[in-house]
2 protein chains.
Amino acid sequence: MSPHRAAEPQHASSGRRAELLALAATLFAERGFVATTVRDIADAAGILSGSLYHHFDSKDSMVDEILRGFLDELFGDYRKIMAAGLAPGDTLRALVVASFESIDRRHAEVAIFLNESKYLAQFERFGYLAERSAEFRTLWTGVLADGVRTGDFRAGMDVEVVYRFIRDTVWVAVRWYRPGGALSARAVADEYLAILLDGIAGRP
Amino acid sequence: MSPHRAAEPQHASSGRRAELLALAATLFAERGFVATTVRDIADAAGILSGSLYHHFDSKDSMVDEILRGFLDELFGDYRKIMAAGLAPGDTLRALVVASFESIDRRHAEVAIFLNESKYLAQFERFGYLAERSAEFRTLWTGVLADGVRTGDFRAGMDVEVVYRFIRDTVWVAVRWYRPGGALSARAVADEYLAILLDGIAGRP
DNA sequence: GTCTATAAAGGGATAGAC
DNA sequence: GTCTATCCCTTTATAGAC
């Protein structure tokens, strides 16, 4: 509750810290977490590896901070959409668009989340990854089940299978989508929804 | 061309070699290639790490042999399908079914191919991974483009985007599909095709 | 085909000077 | 906030005995 400085995170997020974290995220995303050494990160930053430990406790701390920040933002977006109380079809559209926008804005973070979650989840420290996955599943299957009731989605479809299908197909786009490329996140989301909805949308 | 022994691979594939390779594949798939140590593999086999080098030159050789074997088999299946000269819609069905069956039969290999290709492709030795990807792309986009011409698939669809969509959505299923579980490979392929084809199939 | 023993390199992390 | 210097551990891989 310090005066005159509202929006700044508490501990020395002096800019340099964020800068180093962004560099680490890029490397973790490109080479993989295990294959990236703290020396790689330091090299990219133009400092020596020992100096990194002035900013972070450990390599684990870095990826931890990256993932927590990303997930907080993503679930914040999701909760806003759910709170809007749209029809299931529109909620699904909004969730897909928000997800592709996060791939656009947080490309490295999404790649780390997709590629490293399984490895990291085995350590206690990253237990929140499993919790978030469960939350994620509850949210999406809820929307799908609602839509089956209202007739927005095809009657009799297997909600669990369709959920996994959507989850995987959305996030896996991070493998080829390039922010700033020919296709905007919105355009990809629309192309994706065109394929998806003509498949699962209920027909009268 | 040694007599009396037809179907055996040339160098000491005495069974033990295949056994060790299967163990390594499981570990590479579960923990990731970089995170799996040769000691992990040796432990799983009940021998010491040095003993592994009686069978294999290096850790790289192991994953190399695993991937080559898998890709040879997969592309063999694909070529048989292409040689049958089916209509584009049926060719696509057959390719999808063959892919899900390979996820069923070669689960660990598919997981390694999906998760480690990007990392391995940076080394010269694994240059064939990029070649195979290109071959893969040519094959699938050819089928899709054919189908647009014949009317099997929706006119005006973006063949490149749909190709990436199919490629990613098929292989990413390895993340949740469990061989021997409630859903058979065939059942998953059918569910998948039901979603996919009602989205991209041309309507008269 | 496996073990013993060990080399050589690279990994994460620390203490204290500047 | 970064550097110097270095510790300690793990990793891949080898040589030769059994």
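All values below were derived from every heavy atom in this structure, side-chain atoms included, with hydrogens, water molecules and symmetry-related copies excluded. Below, chain A is the first sequence line, B the second, and so on; all start at residue 1. For clarity, every value in this text was computed on a predicted model and none was experimentally measured.
Between A/Arg132 and A/Glu135, at least one side-chain N (NZ, or NE/NH1/NH2) sits under 4.0 Å from a carboxylate O, which counts as a salt bridge. A salt bridge links A/Arg186 and A/Asp190; the closest N-O separation between the charged side-chain nitrogens and carboxylate oxygens is under 4.0 Å. For the pair A/Arg16 and A/Glu19, the salt-bridge criterion is met [side-chain N within less than 4.0 Å of a carboxylate O].
Across the protein-nucleic acid pair, A/Lys59 atom NZ and D/dC9 atom C1' stand 15 Å apart, rounded to whole Å. Atom CG of B/Leu20 is separated from atom C1' of C/dT2 by 11 Å (rounded to the nearest Å). With rounding to whole Å, B/His55 atom NE2 is found 15 Å from D/dA13 atom C1'. The interatomic distance linking A/Met62 (CE) with C/dG11 (C1') rounds to 13 Å, in whole Å. Put simply, CZ on B/Phe28 is 12 Å from C1' on D/dT12, counting in whole angstrom units. Summarising the geometry, the separation between CG on B/Asp40 and P on D/dT11 is reported as 7 Å, rounded to the nearest angstrom. Atoms CZ (B/Arg39) and C1' (C/dG11) sit 13 Å apart, rounded to a whole Å.
OP1 and OP2 of C/dT2 both lie 4.0 Å or more from every side-chain N or O belonging to B/His54.
Listed by first then second residue, pairs satisfying salt bridge (Lys or Arg N to Asp or Glu O under 4.0 Å) with a partner in residues 115-126 of chain A read A/Asp64-A/Arg125, not counting sequence neighbours.
Here B/Ser61 lies out of heavy-atom contact (under 4.0 Å) with every strand.
No hydrogens or angles were tested; on distance alone, nothing pairs the side chain of B/Arg16 with the base of C/dG1 as donor and acceptor under 3.5 Å.
Here the closest heavy-atom approach between residue A/Ile112 and residue A/Ala25 is recorded as CD1-O, 3.5 Å.
Contacts of residues 41-53 of chain A with DNA chain D (heavy atom under 4.0 Å): A/Ile47, A/Leu48, A/Ser51.
No hydrogens or angles considered: a donor-acceptor pair under 3.5 Å links the side chains of B/Ser61 and B/Ser58.
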